[in-house]
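Predicted model, so just to flag it, every value in this text is computed and none were measured.
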Amino acid sequence: MWSSDLLRRGVLLLAAASFLAACQVRPVYAPAGSVVAGDNPAMVTELASIAIKGQTERVAQALINELIFQLRGGGALVEPKYRLDLILTTRVSDLAIRAREDIPVAKLVSLTATYTLTEVATGRVVTSDNVYTTSSFDVSSQRYANVRAQRDAEDRAARAAAADIRLRLASALIGKG
């Protein structure tokens, strides 16, 4: 009885080990032939060579900061091959209104980013598109809490837009090459 239990455990352990050895975890959008997404040095260099035109509005600057991090991973700008121009519009609208009081209880931040990626050397437009993201927040009776909640919602929308723009830029640059 003891040996059959030990044999059964051994077989199960061997089966589990062989099953795990056959598994491969790889990002969905990783370039073909690479183990992880960051292993393609040409694409990393291409994305790092995108210069982003500065903005003065807070939400636009949050989007630019997130894009810089996602494109360069915190590294310095290499010799710019491309220029990314952004036009950003944000709108805050009432999402839910308390019945019979006409007081909003939730709001929606809508962020639309229009971007154009241009080759610096030739002036040719590589890609141009719009990205639309939303993020909601609850409204309370405290003014500062509402200001902070709206700012957090704007930052969440900017992060989502930056991730979408990065994916689209990478796709356009892969298709270009």
- request: Check step by step if side-chain contact (heavy atoms from CB on, under 4.5 Å) holds for Arg58 and Asp155.
  value: CA-CA 9 Å; Arg58 193 199 72 77; Asp155 290 344; 3.0 Å; yes

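- Residues Ser49 and Glu79 approach most closely at CB-O, 3.5 Å, considering heavy atoms.
- Under a hydrophobic clustering in which Ile, Leu, Val, Met, Phe, Trp and Tyr are joined whenever their side-chain heavy atoms come within less than 4.5 Å, directly or via other members, Phe137 and Val59 fall into different clusters.
- The 12-atom threshold is exceeded at OH of Tyr132, counting heavy atoms of other residues, nucleotides or ligands nearer than 6.0 Å.
- Within the 3.5 Å criterion, the main-chain N or O of Ser135 finds no donor-acceptor partner in the side chain of Arg156.
- Between Val109 and Val92 the shortest side-chain heavy-atom distance falls below 4.5 Å.
- Both Ile174 and Val126 are members of a single hydrophobic cluster when ILVMFWY side chains are connected at heavy-atom separations under 4.5 Å.
- Under a hydrophobic clustering in which Ile, Leu, Val, Met, Phe, Trp and Tyr are joined whenever their side-chain heavy atoms come within less than 4.5 Å, directly or via other members, Ile68 and Leu63 fall into the same cluster.
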query: For Leu86 and Lys53, what are the C-alpha separation, side-chain angles and deciding distance, and is it a side-chain contact (heavy atoms from CB on, under 4.5 Å)?
result: CA-CA 7 Å; Leu86 292 167; Lys53 188 175 177 184; over 6 Å; no

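- How far CG of Leu67 is from CZ of Arg159: 13.0 Å, rounded to the nearest 0.5 Å.
- Atom-to-atom distance recorded for Arg166:CZ and Asp164:CG is 12.0 Å, nearest 0.5 angstrom.
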message: Go through it in stages, so that I can follow the logic: the residues are Leu88 and Gln55, the test is side-chain contact (heavy atoms from CB on, under 4.5 Å), and I'd like the CA-CA distance, side-chain angles, deciding distance and then a yes or no.
response: CA-CA 9 Å; Leu88 190 71; Gln55 300 278 329; 5.6 Å; no

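- Atom OG1 of Thr127 is separated from atom CD1 of Ile165 by 10.5 Å, given to the nearest 0.5 angstrom.
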task: Take Tyr82 and Leu173, measure what side-chain contact (heavy atoms from CB on, under 4.5 Å) needs, and give me the verdict at the end.
output: CA-CA 10 Å; Tyr82 306 99; Leu173 291 176; 3.6 Å; yes

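- Side-chain atoms of Asn65 and Gln61 form a donor-acceptor pair, as typed in the model, at a separation below 3.5 Å.
- A donor-acceptor contact shorter than 3.5 Å links the side chain of Arg72 to the backbone of Ile50.
- Distance check, rounded to the nearest 0.5 Å: CD of Gln150 to CG of Asp138 gives 13.0 Å.
- For the atom pair OG1 (Thr114) and CG (Asn130), the distance works out to 4.0 Å, reported to the nearest 0.5 Å.
- Residue Asp94 comes nearest to Pro104 through the heavy atom pair OD1-CB, 3.6 Å, listed as atom of the first residue, atom of the second, then distance.
- Considering every non-hydrogen atom in both Leu95 and Ser136, the closest pair reads CD2-CB, 3.8 Å.
- Interatomic distance, Thr133 OG1 to Leu111 CG, rounded to the nearest 0.5 Å: 4.5 Å.
- Between the side chain of Thr90 and the main chain of Ser110, no donor-acceptor pair closer than 3.5 Å is present.
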